[in-house]
Protein chains: 2
Amino acid sequence: MPKRRILPYVLLGLINNKGSLSGYQISQEFKNEIGEFWHASHSQIYPELARMKDDGWVDDEDDGKSTYYLVTDKGLKVLRSWMAEPLKDNEESFSLKLYFIRDEHDPLMKTLIEQELQINRDKYSHLEDRLKTVFVDDEQIRNNFGHYLILTRAIERERNHISWLEDKL
Amino acid sequence: MPKRRILPYVLLGLINNKGSLSGYQISQEFKNEIGEFWHASHSQIYPELARMKDDGWVDDEDDGKSTYYLVTDKGLKVLRSWMAEPLKDNEESFSLKLYFIRDEHDPLMKTLIEQELQINRDKYSHLEDRLKTVFVDDEQIRNNFGHYLILTRAIERERNHISWLEDKL
DNA sequence: CAGGACATGTAAACCGTTACATGATTAA
DNA sequence: TTAATCATGTAACGGTTTACATGTCCTG
C-alpha cells in the first residue's frame, strides 16, 4: 500500500478549525501546536490548495490581498470521513484528529480516545515483554545501558499516556 | 541547510552495538525498539552499507551466506563525533544517541541528558505560555476542545519527560 | 515439495525540502 | 528608505518507500 498522503486532510482540518485561512496563514499555523505533529512548507501548501479547489473540497475568496479558502460541504464530508477512519499505529494521527475536533461533545472524541487507548495498551504490554526477554540479567543492562534506558523510558511514556487517556474518558 | 542525513550514523550505531551485523539483520533490528525512532527499508540499507565501506567506515566479512559488517576505527570516530554533536530540537536524535551508548559510565550520557533537559524545559515553558495566551476563557476551550486537549497533553508529556530526565541525572 | 523466512539488489514513484523568483505592504 | 513581513508561485534536488527481481535455505 502506498504511504497515505495526509496533507490535504490536515489543510481541511486547519481551515475548518478557523473558518477560513489563506495559504500564508496556514504556513504560519505550523509554527503553533499543530507543528508538533505535522509540518508543510508553502511550496507544498499552495499547489495542494489549488488541487483541493479543483476537487471541490474548498472554495476560495480573494480580497485583493490574499486568497482565503473555506471548506465546502463536500470537503467537510471528506474531512469527517478521514477522521472516522480507524487509527493506525502512529500517535500523530490521533493528535491531528483530536486537534480537528472543535466541539466538546463531538461523539468522535470518545471513539478516538478508545482506539488510542487500545493501541497504547498493546504497545505497553509489548514493551514490557521486550524488557523481560531482552534484559534478563544485570550484565545485559550494564553492557547495553542506553538501550535499557530508552526501553524503560518508552514504557514510562506509554504508562503516562495511557493514564491520561483513561482520565479523559 | 540541507536536511541532515542520519541513516549512516544509525547503521554505524547499530553495527557497533551488536559487534557485527548483516544488511538483513539490520533490517530486522528496525522491528525492535530502535524502530520507534528510526526506520529504513532494505533498499536503503544495502546501498548505504556499500557506500560506508567505500568510505572506510565499515569492513565486511562474508561467510558465504551473508555479508557481515564491522565498524572500523575510522567509523567509530565518525559515530562518536556525531553523537557528541549538540542535540537539535528533535527528540529522536536524543533517543537514538542514547540507544547507541553501551557503557553505563560513558560520560556522553550526562551531556546528552543535560542537553535534552534544557531543550525540554524551554519547550515546556513555551507550551505553558501558549496555554495562557490561546485559552484565555472557557468559551475558547469549549469551541476548540481538541486543540485544548492536545495542548494540555503536550504539557503533561513534557512534564513527565522532564522529571524522568531529572531522575536519571 | 511448497511456502515462508533468509538474503540481496535495482528502478521508479512519491513526497517533502531547499532554492529561486517576484512583488506588495508595513514598521523602524 | 530600507529591512522585515506578507503573499504566492515554480523548479531542482534528495531521501524514502514501493515495486520489481532473483535465488537459497529450512520446515512442515
Side-chain angles (χ1 to χ4, degrees), chain A residues 1-12 14-15 18 20-32 34-55 58-70 82 88-90 92-93 96, chain B residues 1-12 14-15 18 20-32 34-55 58-70 82 88-90 92-93 96:
Chain A
M1 56 202 153
K3 189 178 179 178
R4 199 54 196 290
R5 260 179 72 74
I6 72 172
L7 178 61
Y9 305 108
V10 174
L11 300 190
L12 277 179
L14 279 173
I15 298 166
K18 301 282 173 178
S20 90
L21 286 173
S22 67
Y24 185 78
Q25 285 176 319
I26 290 172
S27 71
Q28 299 305 299
E29 278 295 309
F30 287 114
K31 292 180 179 167
N32 299 335
I34 185 81
E36 303 266 322
F37 317 113
W38 201 262
H39 184 262
S41 44
H42 78 271
S43 59
Q44 260 189 300
I45 295 168
Y46 291 113
E48 191 63 50
L49 286 170
R51 244 169 281 144
M52 287 162 71
K53 204 205 157 193
D54 279 352
D55 293 346
V58 290
D59 273 339
D60 60 354
E61 275 175 3
D62 199 308
D63 72 349
K65 260 189 184 176
S66 295
T67 307
Y68 294 92
Y69 292 85
L70 298 96
W82 171 72
K88 299 280 175 277
D89 54 321
N90 63 96
E92 272 129 41
S93 287
L96 279 174
Chain B
M1 55 202 151
K3 189 179 178 178
R4 196 56 195 289
R5 262 178 71 74
I6 72 171
L7 177 62
Y9 304 109
V10 174
L11 300 191
L12 277 178
L14 279 173
I15 298 168
K18 302 283 172 177
S20 90
L21 286 173
S22 68
Y24 185 78
Q25 285 176 320
I26 291 172
S27 73
Q28 298 305 301
E29 278 295 308
F30 287 114
K31 292 179 179 166
N32 299 335
I34 185 82
E36 302 265 323
F37 317 114
W38 201 262
H39 183 263
S41 44
H42 78 272
S43 60
Q44 258 190 302
I45 294 168
Y46 292 112
E48 190 63 49
L49 286 170
R51 244 170 281 143
M52 286 161 71
K53 203 204 156 194
D54 280 352
D55 293 346
V58 290
D59 273 339
D60 61 355
E61 274 176 4
D62 198 309
D63 72 349
K65 260 191 184 176
S66 295
T67 308
Y68 295 92
Y69 292 85
L70 298 96
W82 171 70
K88 297 281 173 278
D89 54 321
N90 64 95
E92 274 129 40
S93 287
L96 280 174

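Atoms considered below: every heavy atom in the structure, side chains included; atoms not considered: hydrogens, waters and symmetry mates. Note that the coordinates shown come from a computational prediction; the quantities given were computed from them, not determined experimentally. Within every chain, numbering begins at 1; the chains are lettered A, B, ... in the order of the sequence lines, protein sequences first and strands thereafter.
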>> Would the distance check show the side chain of B:N32 and the main-chain N or O of B:I34 forming a donor-acceptor pair, the cut-off being under 3.5 Å?
In response: no
With sequence neighbours left out, what residues match [X] under salt bridge (Lys or Arg N to Asp or Glu O under 4.0 Å)?
X	value
A:D60	A:K53
B:K18	B:E29
A:E48	A:R5, A:R51

> Could you give the angle between the helix axes at the two ends of the helix from C:dC1-D:dG28 to C:dA28-D:dT1, with five pairs per end, rounded to 10 degrees?
Replying inline: 30°
To the nearest Å, how far apart are [X] [atom1] and [N] [atom2]?
X	N	atom1	atom2	result
B:Y69	C:dA7	OH	C1'	12 Å
B:D60	C:dA7	CG	C1'	15 Å
B:E48	D:dT16	CD	C1'	12 Å
A:I45	C:dG16	CD1	C1'	12 Å
B:L49	C:dA7	CG	P	14 Å
B:K31	C:dC6	NZ	C1'	11 Å
A:D63	C:dA24	CG	P	16 Å
A:E29	D:dA7	CD	P	13 Å

When rounded to the nearest 0.5 angstrom, what distance separates [atom1] in [X] from [atom2] in [Y]?
X	Y	atom1	atom2	answer
A:S27	A:I45	OG	CD1	5.0 Å
A:I26	A:Y46	CD1	OH	8.5 Å
B:H42	B:Y24	NE2	OH	10.5 Å
B:F37	B:S93	CZ	OG	11.5 Å

>> With a 4.0 Å cutoff (strictly under), does any side-chain N or O of B:Y24 reach OP1 or OP2 of C:dT8?
In response: no
Can you tell which of [options] lies closest to the side chain of [X]?
X	options	answer
B:R5	C:dT18, D:dT18, D:dG15	D:dG15
B:Q44	D:dA7, C:dA5, D:dT17	D:dT17
A:Y46	D:dA11, C:dG16, D:dG9	D:dG9

Which part of the nucleic acid, if any, lies within reach of [X] when heavy atoms closer than 4.0 Å are counted: base, sugar-phosphate only, or nothing?
X	value
B:S66	sugar-phosphate
A:H42	base
B:T67	sugar-phosphate

Please enumerate all protein N or O atoms sitting under 3.5 Å from an N or O of nucleotides 22-26 of chain D, with distances to 0.1 Å.
| residue | atom | partner | partner atom | Å |
| --- | --- | --- | --- | --- |
| D:dC26 | OP1 | B:K65 | NZ | 3.3 |

> If you draw a 6.0 Å radius around CD in B:E61, do more than 12 non-hydrogen atoms from other residues or ligands fall strictly inside?
Replying inline: no
>> Any N or O donor-acceptor pair under 3.5 Å from the base of C:dT18 to the side chain of A:S41?
In response: no
> Who are the side chain to side chain contact (heavy atoms under 4.5 Å, CB included) partners of B:Q25, not counting sequence neighbours?
Replying inline: B:L21, B:S22, B:Y68
